[in-house]
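This report concerns only the one structure given below.
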Amino acid sequence: MTIVDVHELTKIYSTGMKKGDIVALDSVSMSVAQGEIFGLLGPNGAGKTTMMKVILGITQITSGEVTIAGLPPSNPRSRQRVGYLPENHRFPDYMTGYQLLLFTGQMHGIDTREYEERADRLLDLVGMTKWAHVNIRKYSKGMLQRIGLAQSMIPDPDLLLLDEPTDGVDPVGRTEIREVLRHIRDEGKSIVLNSHLLAEVETVADRVAILNKGRLARIAPVEELTSRQSQYEVEADFGNKLLKLPEELGRTVMLSSRALTVELEDPEKINDIIDHLRFKQISIKSVRPMKVSLEQSFMEAVAQPSEEASE
Amino acid sequence: MKGILFDSLTEVRHRKVVWIFVALTVLGILAVIGASAIEISMGAEDATIGDLSSEVSIGIVFVLTWISHKILIPLTVLLSAGVIPNMLTKGRIDFYLSKPVTRSSLLVSKTLATWMIYTILAVASLIVVWLSGAIFLDGLSSRIFYTIALIVVSTFCWVSVVCFAGVVTQRTPTVLAIVFATFMIQWGLSQRELIAFMTDNEVITYTVDTLYYIFPKTGELYDNTQSWVMGTSRKFEMVPLFTTLAFSVVLMFVTSHIFKRKNY
């Protein structure tokens with residue numbers, strides 16, 4: 001089931017006659033399924049934050065269509081079960097962390113007893129119970145992120161939009177936040193995660209969309225983006241054998257005494273290579289598709305013209 | 001509304017605004033005590049203690065109305081000027097707008113909550129000083145309700161201007177500048193007969209007359225209130241009241257419309 005549906009979305013910021021208009025999003029189509037962690041990636045100015053703001057109705061749409069659980073962003077009910085952690089947030093600094101959670105609960109129209117219970121539970125979950133009654137302006141960046149994450153979860157959201165949630169958080173805190181995100185996903189809720197930390201997105205996200213200059217450069221499962229489907233690594237004891245693969249099987253990328261990397265036009269050919277190696281009486285230990293980091297894949301995607309967006 | 005009221009109350013409490021009103025109240029009480037020490041001689045030989053008490057009680061309300069117009073209402077404007085620009089700060093407005101409320105209800109709730117809180121503080125301060133007048137000067141006039149009405153209407157008008165200026169400019173100093181400009185324009189328009197006489201130009205006279213019926217008239221409301229307090233006028237001029245209220249309500253609608261169309 002789709003929770004967010006974006007169809008041919010265009011957002012143009014008018015800056016006046018002299019400077020010209022800024023195309024923040026250009027005919028972007030994508031969807032977020034229920035129960036998935038969806039990573040939104042892109043270089044600075046790619047339109048990631050605009051995308052989140054459009055989904056929430058904070059920014060108006062120029063053309064196209066966006067729905068959250070079937071409702072347009074102009075309908076406030078579309079945000080009833082949506083949590084949001086903005087980038088560079090400045091929560092009301094006259095509140096304590098606890099008051100911020102209560103305020104969020106009230107704004108979502110949740111029953112008083114219920115949001116008080118949730119506030120206590122979430123403060124505990126993000127490790128902020130000790131600082132709950134301290135004024136927000138006294139919080140460190142990491143503490144602000146934690147309390148921000150807690151407030152985003154107050155409405156028991158079906159969809160969580162997180163813009164740089166681990167910004168300023170130490171490595172231990174990041175790991176904890178990752179665990180929280182997985183826990184939320186396991187409950188069947190969806191998360192849209194906007195982060196510059198690609199390694200982090202790679203760890204938690206199920207699918208990612210890569211935006212570049214307002215256009216969708218790539219949208220695919222993380223597994224697909226990080227695997228080189230055409231390259232395989234065969235771990236085997238080659239010893240000093242001078243191995244030469246027939247050209248019709250594939251191209252040898254690298255060969256050492258312990259491993260062979262081959263590039264195949266057809267992934268099915270890997271079976272022929274295994275047969276060939278076994279025929280040569282080479283003992284195979286493992287065969288696995290070559291992996292690349294999400295960062296590498298990201299760099300390739302943003303270097304390509306965006307018309308080639310593919311799933 | 002509940003959430004925004006909570007938000008506004010927390011903001012006012014944190015900014016310790018209450019203490020400013022407490023300080024003013026204490027000053028008012030001290031002034032009343034000081035006044036009670038002054039010996040008053042009766043001017044007319046046939047005047048009674050009852051007459052004097054009535055004069056004193058009306059005098060207290062007269063002074064309190066003047067203080068309300070010159071100090072309490074401007075103070076309310078000054079203190080509330082930063083509320084909307086504060087809410088619209090980058091990074092904070094995203095937080096507010098991501099909640100399941102319409103933009104109109106968010107803005108109107110915030111404005112009304114601010115107006116309610118500051119009006120209650122101003123009226124409470126006024127009533128305490130008025131009661132101290134009753135204790136120390138033996139003067140208690142129910143005409144104080146005219147003053148309370150003046151505060152309620154005037155602060156509503158100025159808070160609507162603050163809200164408009166806050167949404168349009170998003171900066172506290174410019175909000176104050178726009179409030180001051182509005183005050184000056186309404187003062188200028190109140191001199192419309194003089195302008196017509198001096199310019200002797202039909203177009204200018206017509207323009208000024210039109211603007212006069214559009215702009216709020218808190219100054220004239222004050223003059224009307226003082227006439228009622230003093231009992232010098234039995235007729236209440238409805239034009240200043242209606243135009244002030246209509247201006248405020250229309251301005252709130254316009255502001256709400258602008259807010260709805262803005263990108264943040």
Side-chain angles (χ1 to χ4, degrees), chain A residues 11-14 24 49-50 52-62 68 71 73-96 98-100 102-110 112 115 135-137 144 148 151-152 154-155 157 161 163, chain B residues 1-20 79-80 82-110 112-114 117-118 166-167 170-172 256-264:
Chain A
K11 172 64 197 173
I12 300 170
Y13 287 107
S14 180
T49 299
T50 302
M52 284 200 165
K53 287 186 173 184
V54 163
I55 291 172
L56 287 160
I58 296 169
T59 294
Q60 321 282 332
I61 296 167
T62 305
I68 308 150
L71 296 169
S74 55
N75 186 339
R77 283 198 298 130
S78 68
R79 298 186 288 278
Q80 190 63 47
R81 297 286 299 269
V82 175
Y84 177 48
L85 174 65
E87 184 191 18
N88 299 325
H89 48 72
R90 289 182 67 189
F91 296 124
D93 56 2
Y94 40 83
M95 289 187 187
T96 64
Y98 186 68
Q99 284 172 333
L100 182 77
L102 297 191
F103 172 60
T104 304
Q106 287 170 346
M107 291 298 279
H108 279 271
I110 304 165
T112 311
Y115 65 64
N135 200 280
I136 281 177
R137 67 169 57 189
L144 279 170
Q151 72 78 29
S152 71
I154 280 282
L161 296 160
D163 205 345
Chain B
M1 183 69 189
K2 187 184 167 192
I4 289 294
L5 192 60
F6 172 80
D7 173 56
S8 301
L9 275 170
T10 314
E11 186 174 9
V12 167
R13 208 169 52 202
H14 178 77
R15 306 232 182 279
K16 297 182 172 57
V17 164
V18 177
W19 294 110
I20 297 173
L79 294 173
S80 62
V83 171
I84 299 293
N86 234 338
M87 185 178 86
L88 300 179
T89 311
K90 203 170 188 290
R92 186 169 297 168
I93 187 61
D94 306 28
F95 167 71
Y96 282 97
L97 292 180
S98 67
K99 306 300 170 228
V101 287
T102 60
R103 287 192 179 201
S104 307
S105 64
L106 175 69
L107 185 74
V108 172
S109 304
K110 186 75 182 172
L112 290 183
T114 305
I117 293 166
Y118 285 106
V167 167
Q170 299 181 27
R171 292 182 67 235
T172 308
S256 171
H257 187 69
I258 295 170
F259 186 56
K260 265 201 273 188
R261 296 178 65 88
K262 276 207 163 193
N263 286 317
Y264 290 100

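All of these numbers come straight from a predicted model, not from anything done at the bench. All chains are named by letter (A, B, ...) in the order of the sequence lines, taking the proteins before the strands, and each is independently numbered beginning at 1.
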Checking heavy atoms, do the side chain of Thr102(B), its backbone, both or neither come under 4.5 Å from chain A? both
Between atom CZ of Phe95(B) and atom CG of Leu56(A), what is the distance when rounded to the nearest 0.5 Å? 12.5 Å
When the 4.5 angstrom heavy-atom criterion is applied to Pro86(A) and chain B, the contacting part is side chain
Tell me, do Thr112(A) and Lys2(B) make a side-chain contact under 4.5 Å, heavy atoms counted? yes
Residues Asp94(B), Arg90(A): salt bridge by 4.0 Å N-O rule: no
Using 0.5 Å steps for rounding, measure from the CE atom of Met107(A) to the CZ atom of Phe6(B). 12.0 Å
Side chain Gln60(A), main chain Lys260(B), donor-acceptor under 3.5 Å: yes
Find out whether Pro92(A) and Glu11(B) are in side-chain contact, i.e. whether some heavy atom of one side chain is under 4.5 Å from a heavy atom of the other. no
Based on non-hydrogen pairs under 4.5 Å, which of Gln99(A), Arg77(A), Met95(A), Glu87(A) is most in contact with chain B? Gln99(A)
What distance do Lys99(B) atom NZ and Arg79(A) atom CZ have between them, rounded to the nearest 0.5 Å? 10.0 Å
To the nearest 0.5 Å, what is the distance between OH (Tyr94(A)) and CZ (Arg15(B))? 7.0 Å
Between the OG atom in Ser98(B) and the NE2 atom in His89(A), the distance rounded to the nearest 0.5 Å is 12.0 Å
Provide the closest heavy-atom pair for Thr59(A) versus Arg103(B) in the form atom of the first, atom of the second, distance. N-NH2, 4.3 Å
Is any side-chain heavy atom of Leu97(B) closer than 4.5 Å to one of Tyr84(A)? no
With a 4.5 Å cut-off on heavy-atom pairs, point out which of Ile55(A), Leu161(A), Thr104(A), Asn88(A) contacts chain B the most. Thr104(A)
Given ring pair (Phe, Tyr, Trp, His ring centres under 6.0 Å), test Phe103(A) with Tyr96(B) step by step and report yes or no. CA-CA 10 Å; Phe103(A) 172 60; Tyr96(B) 282 97; 5.8 Å; yes
Between Ile93(B) and chain A, which part of the residue has a heavy atom less than 4.5 Å away: side chain, backbone, both or neither? neither
Flag side-chain contact, heavy atom, 4.5 Å: Arg137(A) against His14(B): yes
For the CZ atom on Arg171(B), are there more than 12 heavy atoms of other groups (residues, nucleotides or ligands in this structure) within a distance under 6.0 Å? no
Under 4.5 Å from any heavy atom of chain A - which part of Arg261(B): backbone
Contact class of Asp93(A) relative to chain B, heavy atoms under 4.5 angstrom: both
Just how far is it from atom NZ of Lys11(A) to atom CG of Asn263(B), taken to the nearest 0.5 Å? 3.5 Å
